[in-house]
Every structure is written in C-alpha cells, then in structure tokens.
Amino acid sequence: MILIHTHKYKVMDRQIALEILMKYKQEKSYLNLTINTYFERLSLSKESKNLITQLVYGTVQNQIYLEYMLKPFIKGRVKAFEKMLLLMSLYQHYFLNNIPDYAIVNEAVNLSKKKKGMKTSQFINAVLKNAFQNKVSLDDLEDIEKLSVETSHPLWLVKMFHKQYGYEKTKKICYANNEIPYKSARINILKCTKQDILKNSLFQEGKLSQDCVYYNGGNIAHTDEFKKGLITIQDESSQLVARLLEPTSQDYVLDMCCAPGSKTSHLAMIMHNKGQIVAYDLYDHKIQLVERQMARLGVDIVECHAYDSTHLIDLYSDQTFDKILLDAPCSGLGVLARKPEIKYHDSDIMDEIIKIQEKLLENAYVLLKNGGNMVYSTCTINKKENEKQIQAFIKRHSDMMILQEQTILPYEYHSDGFYMCLLKKEFSNEIDL
C-alpha cells in the first residue's frame, strides 16, 4: 500500500483524479471500478477520497458543458492530457465554489509542468485565466440544444427523450441525472425488521419501497448492518421488481439475468427462503458475486449458473417455471446519476441490445408455465426497450397479458429510472424457435 503524506494531499488528489479520468478516456473504463482500484491501492483520507470522487464524477457528468465553455479559448487540436486537465479545472471553477480560482490554476500549472514541462504549463495557465474571466453564454441556443449543453446530455439523447416524454419531463430527467441519488439499502427480512435497522439514527425510512431505508452516512458497505447481512445495497425503484413478481415458497422460479444478485436475493426473501430459484448470468465472475451475496444474506434456495440465457430453451423443457424474472440487459439510461459515463456511449449499441432483449423474452415465453407470471424489467427509460418491446412481444404472443406496467422517471423519487411489467401467460400454443 502506498502512503501519502498529508501536506501533499491536495496536489496528489488532483493528480489521482486526473489519472483516473485519463484511464477512463483511454480505456473507456467504468468510473466506479477504476476509483475503487485506486482507493484500494492507496492510503487516503476520507477528505481525499471525497474530493477525488467529486472531481472525477463531476468532470465526466458535466463534460459537454465544460467542453462548450472551453472551446472558444483553444485553437486547433489539444492533446488528451491537456484537455482533460483543462476540463477538470473548469469543473472546479464552475461547480466547486469553495476552491478559489488562483488555487485551481496553480494546481493545474503544477500538474502540467510535472507531466509535460514548462511550455505546456504556460499554455494551461493562459487558457484557464482567459476562460475564468470570460464565461461563454448559452442564450443563443435553441431550447433542446441549450438543455443538451447545460445538463451535458448528448443532443441525440435529449431529442429521444423529448420525442418520448415531451420537453418538460425531459428537462426534469436531465437535471435529475446530474443530482446525487439517495444511498438506498434493502432490509434483509430473513434476519431483521425495518424497525431494527431504524434504531441506527443514520438510517431513515424509504419513500417508494416497503423494504427500503436511506443511509445518511458514508459507504453503506462499511456499516455493521451490511457486514452482518442485515441489509444489502439496492436502489429503491429496483426494489419494486421482486415484489411485483410476488413469488411464493411453493414456486419454481427462474431469474434469467441475475448479477449482481440484488433482485435474486429479494425474491428469496419474499419466498421466506423456501421453494427454489435457478439464477443465470453470462460470466463466471458475475456468478461468483451472486453466490457471495447469497452467502452474506443467508439465502440458500438459489442455484447459480453461468450460461447465455438467450439459449435457456436448450436446457429446459417447455413450461418449466412457475415464475420468471427477466431483468434484461439494457442501455442503462435510467442510472445516469450513478454512471454518467453511460450517456456518452454510442447510440447504435441500443439496436443490438433490443435484439438481445427480444431473444430473452422469447426464451422466457417458452419456459413459463400456463397460468404463470413473469416480470420484464430494465434500468432504462427508453421506450423502445420498454413499452414498445413489450408491445411487440404481446403482438407475437396473444396468450400473454399485461397485468401491471410502470415506468419510474429519475426525478419522481430521486431514484434510478426504471421500467417493470408484470405479464401472465393465459394459455400456450405450440411454437418452434
């Protein structure tokens, strides 16, 4: 473990944040995983961790706005290191009021001098001073483009939301995506009650899910309640999915895309740890995460397997399962407050995801018993992956009936955006896939 002297922490904090941002830019890494890797390797104070996290997430979350503010003050192409340093510095100027401009410039100059030399540091110094003194106006932009820039959502994404939800809802969605979400946990009803958890004053009752508590401290995973398996980390809107399926202790349940196991364990708890759940995900390392989750929470009715769920009909007979949960892979456009890097993904990726969702739904249809229920859910608010996907599914299978359908938008409960649909299979025709 590398030890960092406290008198150097401010310089080192920005250097570490910049390294993480460069790694994200070059390798398209996930921010949370990269940050965790650095924090595990380095001995850092709580204050340092907070600043690094804020700098990294804030810069990425506001990237489009920061690039717009920077553009008039640079000519030609700027190398990746210099540009990321400028963006991180502009983030501090516009969003962190407790850091004076001279300190921001000084730290940026020192970092650039150390990494690239005097000439680069002079360039950084000149650009920042100019940008700090001359704020760029957004007044000449049309409403949709202005919303795109000021909330740092790609224009194609704002246009898509606008088409699906209208301008006012789109504006609320975009602003909510830039807010800090609640730290939500789900109580483990196999081991405790909500009242047991609320005895700790740092927890308070949730608003949307009957099983939810909010945590007003630091990292939930560091609490005694988490370590003892009394709670697990799960966003509040996500907690509605297992309750919607309503599995019983007599049911044989299939969870088609189970990692990291939050909904799987919730199903088991609702079933009082009786009955049987078979859970699948694509990769071995993800299945290991699920198995560790089950062990921590005291769940022993879940049988985990690594397998491609688009081919589950090759493993089981038709109409095998009483209940099926399909928490499908998706674009993730409901979790942008937690994972801002997602909004910069290529929009073409959604076309392939929609095809995978369709294959998973077809497998679920074949494997669901007559009279059985299934839930299809996603952590996106893109209607092509949600309502329209289900409409197409119902059109292909007239024996499937929607019992309940719900979309939760990010601004409504300060939670992730989520879609869930409860369907019932009334009777089945013979089909070939």
Side-chain angles (χ1 to χ4, degrees), residues 10-29 31 34 51-142 144-158 174 177-178 340-347:
K10 288 185 178 180
V11 177
M12 292 300 294
D13 291 347
R14 285 166 175 78
Q15 182 176 323
I16 293 165
L18 188 57
E19 285 180 16
I20 293 171
L21 286 166
M22 288 302 299
K23 191 175 182 66
Y24 154 74
K25 179 71 175 178
Q26 292 164 355
E27 301 178 12
K28 299 191 182 301
S29 61
L31 294 179
T34 307
L51 179 58
I52 291 166
T53 302
Q54 191 172 35
L55 290 175
V56 170
Y57 274 94
T59 302
V60 174
Q61 195 168 57
N62 297 282
Q63 183 176 328
I64 293 174
Y65 175 81
L66 297 173
E67 288 180 341
Y68 195 88
M69 294 294 114
L70 176 63
K71 188 176 180 179
F73 308 106
I74 55 176
K75 295 179 181 180
R77 189 172 181 178
V78 178
K79 292 180 180 179
F81 173 85
E82 287 87 329
K83 185 173 182 181
M84 192 59 77
L85 177 56
L86 289 168
L87 293 178
M88 188 177 80
S89 301
L90 282 173
Y91 167 72
Q92 295 171 76
H93 170 72
Y94 284 114
F95 295 95
L96 301 185
N97 296 327
N98 59 329
I99 303 178
D101 283 350
Y102 74 84
I104 299 171
V105 174
N106 186 54
E107 297 295 347
V109 167
N110 288 338
L111 281 173
S112 58
K113 187 185 297 182
K114 181 179 178 182
K115 183 76 174 180
K116 293 294 187 77
M118 182 62 72
K119 187 175 180 180
T120 298
S121 69
Q122 291 172 342
F123 167 74
I124 295 294
N125 180 64
V127 172
L128 287 180
K129 286 184 175 179
N130 198 4
F132 288 1
Q133 292 169 6
N134 301 282
K135 184 176 181 179
V136 181
S137 173
L138 305 181
D139 292 342
D140 293 335
L141 300 177
E142 297 292 334
I144 297 297
E145 189 177 359
K146 185 178 181 181
L147 182 59
S148 166
V149 172
E150 65 189 5
T151 65
S152 288
H153 285 65
L155 186 58
W156 71 263
L157 183 56
V158 177
C174 291
N177 288 340
N178 287 347
E341 64 269 32
I342 289 176
K343 62 187 175 184
Y344 305 117
H345 288 177
D346 191 336
S347 60

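Values in this document were obtained by computation on a predicted structure and should not be read as measured data. Just so you know, these numbers use all the heavy atoms, side chains as well, and skip hydrogens, waters and symmetry mates.
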- Item | salt bridge (Lys or Arg N to Asp or Glu O under 4.0 Å) partners of Glu82, counting only residues at least two apart | Lys116

- Query: Does atom CD of Glu142 have more than 12 heavy-atom neighbours from other groups under 6.0 Å away?
  - Reply: no

- Query: Any idea which heavy atoms bring Ile64 and Pro154 closest together, and the distance?
  - Reply: CD1-N, 3.4 Å

- Message: To check you understand the geometry: which heavy-atom pair defines the closest contact between Thr151 and Lys343, and what is its length?
- Response: O-NZ, 3.7 Å

- Query: Does the side chain of Ser152 come within less than 4.5 Å of Gln61's, by heavy atoms?
  - Reply: no

- Note on the structure: Rounding to 0.5 Å, atoms OH (Tyr344) and NZ (Lys25) come to a distance of 10.0 Å

- Message: Assess the residue pair Leu138 and Met69 against the criterion (side chain to side chain contact (heavy atoms under 4.5 Å, CB included)); give the C-alpha distance rounded to whole Å, side-chain angles, the decisive distance to 0.1 Å, and a yes or no.
- Response: CA-CA 9 Å; Leu138 305 181; Met69 294 294 114; 3.8 Å; yes

- Note on the structure: On a heavy-atom basis, the closest approach of Pro340 and Leu31 is CG-CD1, 4.2 Å

- Does the pair Lys83/Glu67 count as a salt bridge with the N-to-O cut at 4.0 Å? yes

Side-chain atoms of residues 88-98: list all donor-acceptor pairs with protein atoms under 3.5 Å, sequence neighbours left out, distances to 0.1 Å.
| from | atom 1 | to | atom 2 | distance (Å) |
| --- | --- | --- | --- | --- |
| Ser89 | OG | Leu85 | O | 2.8 |
| Gln92 | OE1 | Arg14 | NE | 3.1 |
| Gln92 | OE1 | Arg14 | NH2 | 3.2 |
| Gln92 | NE2 | Met88 | O | 3.2 |
| His93 | ND1 | Asp101 | OD1 | 2.8 |
| His93 | ND1 | Asp101 | OD2 | 3.3 |

- Please round to the nearest 0.5 Å and tell me the distance separating atom CG of Asp139 and atom NZ of Lys146. 5.0 Å

- Note on the structure: Closest non-hydrogen contact found for Val109 with Ile124 is N-CG2, 4.5 Å

- So, do Leu86 and Phe73 sit near enough that their side-chain heavy atoms are less than 4.5 Å apart? no

- Task: Could you tell me which non-hydrogen atom of His345 sits nearest to which non-hydrogen atom of Trp156, and how far apart they are?
- Result: O-CZ2, 4.0 Å

- Query: Would you say the side chain of Asn125 lies within less than 4.5 Å of the side chain of Ser112, judging by non-hydrogen atoms?
  - Reply: no

- Query: Is there side-chain contact between Leu87 and Leu70, with heavy atoms separated by less than 4.5 Å?
  - Reply: yes

- Task: Give a yes or no on whether the backbone of Gly58 and the side-chain of Asn62 come within a donor-acceptor separation of less than 3.5 Å.
- Result: yes

- Message: Within a 6.0 Å radius of atom CG on Asp346, are there more than 12 heavy atoms belonging to other residues, nucleotides or ligands?
- Response: yes

- Note on the structure: In this structure, CD of Gln15 is separated from CD1 of Ile20 (nearest 0.5 Å) by 11.0 Å

- Straight-line distance of Asn106 CG to Asn110 CG, nearest 0.5 Å: 4.5 Å

- Reported OG1-to-NZ distance for the pair Thr120 and Lys114, which is rounded to 0.5 angstrom: 15.5 Å

- Item | Closest non-hydrogen atom pair, Tyr65 against Lys135 | OH-CE, 3.5 Å

- Message: Any heavy-atom pair between the side chains of Thr34 and Tyr24 that's under 4.5 Å?
- Response: no

- Note on the structure: In this structure, CD of Glu107 is separated from CD1 of Ile99 (nearest 0.5 Å) by 9.0 Å

